[in-house]
There are 2 protein chains.
Amino acid sequence: MQVPYETDISTFVERLVAHELPGGRGLEAWSSLLRAHATLLRQLETDLERETGLALADFDVLAQLANGGGELRMTELADRALISRSGMTRRVARLVIEGLVRRSSSGTDARGVVVALTDAGVARLSETAPVHARGVAKLFVARLDDKELAALRSALDKVTLDCSFG
Amino acid sequence: MQVPYETDISTFVERLVAHELPGGRGLEAWSSLLRAHATLLRQLETDLERETGLALADFDVLAQLANGGGELRMTELADRALISRSGMTRRVARLVIEGLVRRSSSGTDARGVVVALTDAGVARLSETAPVHARGVAKLFVARLDDKELAALRSALDKVTLDCSFG
DNA sequence: CCCGTATACTTGCGACTGCAAATACCTTGC
DNA sequence: GCAAGGTATTTGCAGTCGCAAGTATACGGG
């Protein structure tokens, strides 16, 4: 491709992008989404780990199981936690070793595995959920009013895809 | 912690969380943020890789460099790309091997490294930027009107932290 | 009843990540 | 002009990830 060296690279790329996104429309919002997500998750992760010793990824599995009534299938769990099935296989394996979760085979489908919270898992979740909730409250919810939260949710749901992992 | 087995686990955890987030306020918005981010990035990543052979992470480095006028220091690059400095060291190393980027020492600070786009890097960015922009346009911008984009940006900027990596 | 295909999950693999420690250089105070 | 402490970057390491392929089970048509 012919590159016009006489102009600034930044404005050159801007022109290329403008063909798809006139005036760079929506680009600041997109970039804000990336930044907010990255910085918030980073902070929540380190806070939770420091205060409770539990990794956010592991907390998420426990929380999803609780939301699911205490037990879920592997695929369902992976979908809810937004990671791949193979990733969930290993996460669950780690949690089983820690005794926070139990695996049993599904009664109706011998291919299936049901993952359930153990008593220790429920206890661990009980300790950690308030800490994480406090983090989300302080860093996210407290900085926004009801209107902003509703707008955020509405807009984000419009751009959410329903693709799963392999 | 004493766990009331007689009640549902889901409502039990809900009660624990309600102490920090009355009524679970903002929790749907938070979950929407996580879902939107995960699904969008997954799709954009696979689309870009399939159509251009470039990983989104590598594209991001090239784009940040272009935005920075063609060259940036490692730390600045890592901050903009929202990853750790050590991660950026390795990404840049890969891009140097591919010939898309060049490393040179800063004139004024012998500790510093300046990363710059090569001609090949500019060319690669020119091929890939429209593809990525089209993806962002189709999956994100097109689904929202100007008001929603502005609200999204405003709300997300309010919750963005300014922490860096180690 | 059995074959072909679809689904549920796991494993081999290669690649990427961040943290902490190490290295190299700058800067300030004295 | 040099020691002490700060900054920029890289490397050792251990952990995690997703993809593709593999295993095991379910199911539908002949």
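The structure displayed is predicted, hence computed values, not measured ones. Chain naming here is simple, since letters A, B, ... match the order of the sequence lines and numbering starts at 1 in each.
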Nearest-Å distance, CD (B:Glu76) to P (D:dT9)? 10 Å
For atom CE of A:Met74 and atom P of D:dT25, their distance in whole Å: 17 Å
Hey, are B:Arg42 and B:Thr46 close enough side-chain-wise for a donor-acceptor pair under 3.5 Å? no
With nearest nucleotide decided by heavy atoms, which residue, A:Gly87 or B:Met88, maps closer to the 5′ end of DNA chain C? A:Gly87
In whole Å, what is the span from the CD atom of A:Glu45 to the C1' atom of C:dC19? 12 Å
Less than 4.5 Å apart, side chain to side chain, heavy atoms only: is that true for B:Trp30 and A:Leu40? yes
What I'd like to find out is whether the side chain of A:Glu71 reaches to under 4.5 Å of the side chain of A:Val115, using heavy atoms alone. no
Between D:dG6, D:dT25, D:dT9, spot the one nearest the side chain of B:Arg111, thanks. D:dG6
Check whether any side-chain heavy atom of B:Phe140 lies under 4.5 Å from a side-chain heavy atom of A:Leu33, and answer yes or no. yes
Could you state the atom-to-atom distance from CG of A:Leu77 to P of C:dT10 in whole Å? 11 Å
Which nucleotide sits closest to the side chain of A:Arg91: D:dT10, D:dG18, D:dC17? D:dC17
Please tell me if B:Ser106 has a side-chain N or O lying less than 4.0 Å from either OP1 or OP2 of D:dA8. no
Using the closest heavy atom to pick a nucleotide of DNA chain D for each, name whichever of A:Leu82 or A:Asp109 lands nearer the 5' end. A:Leu82
Using the closest heavy atom to pick a nucleotide of DNA chain D for each, name whichever of A:Ile83 or B:Arg85 lands nearer the 5' end. B:Arg85
Any idea which of D:dC19, D:dT9, C:dT17 is nearest the A:Ser86 side chain? D:dC19
Please report, rounded to the nearest Å, how far the P atom of C:dC9 is from the CZ atom of A:Arg103. 9 Å
The nucleotide from D:dC19, D:dG12, C:dT10 with an atom nearest the side chain of A:Arg90 is D:dC19
Considering every strand and a 4.0 Å limit on heavy-atom distances, what is the contact class for A:Thr89: base, sugar-phosphate, or nothing? base
Protein-nucleotide distance (B:Arg73, atom CZ; C:dA24, atom P), rounded to Å: 18 Å
Let me know the distance between CD of B:Glu49 and C1' of C:dG14, rounded to the nearest Å. 14 Å
Kindly point out which of D:dT9, C:dC9, C:dC26 is positioned nearest to the side chain of B:Ala110? C:dC26
Side-chain donor or acceptor of B:Thr52 paired with backbone N/O of B:Leu48 under 3.5 Å: yes
Below 4.0 angstrom from OP1 or OP2 of D:dC17, is there any side-chain N or O of A:Arg94? yes
Distance check needed: C:dT17 P versus B:Leu41 CG, whole Å only. 13 Å
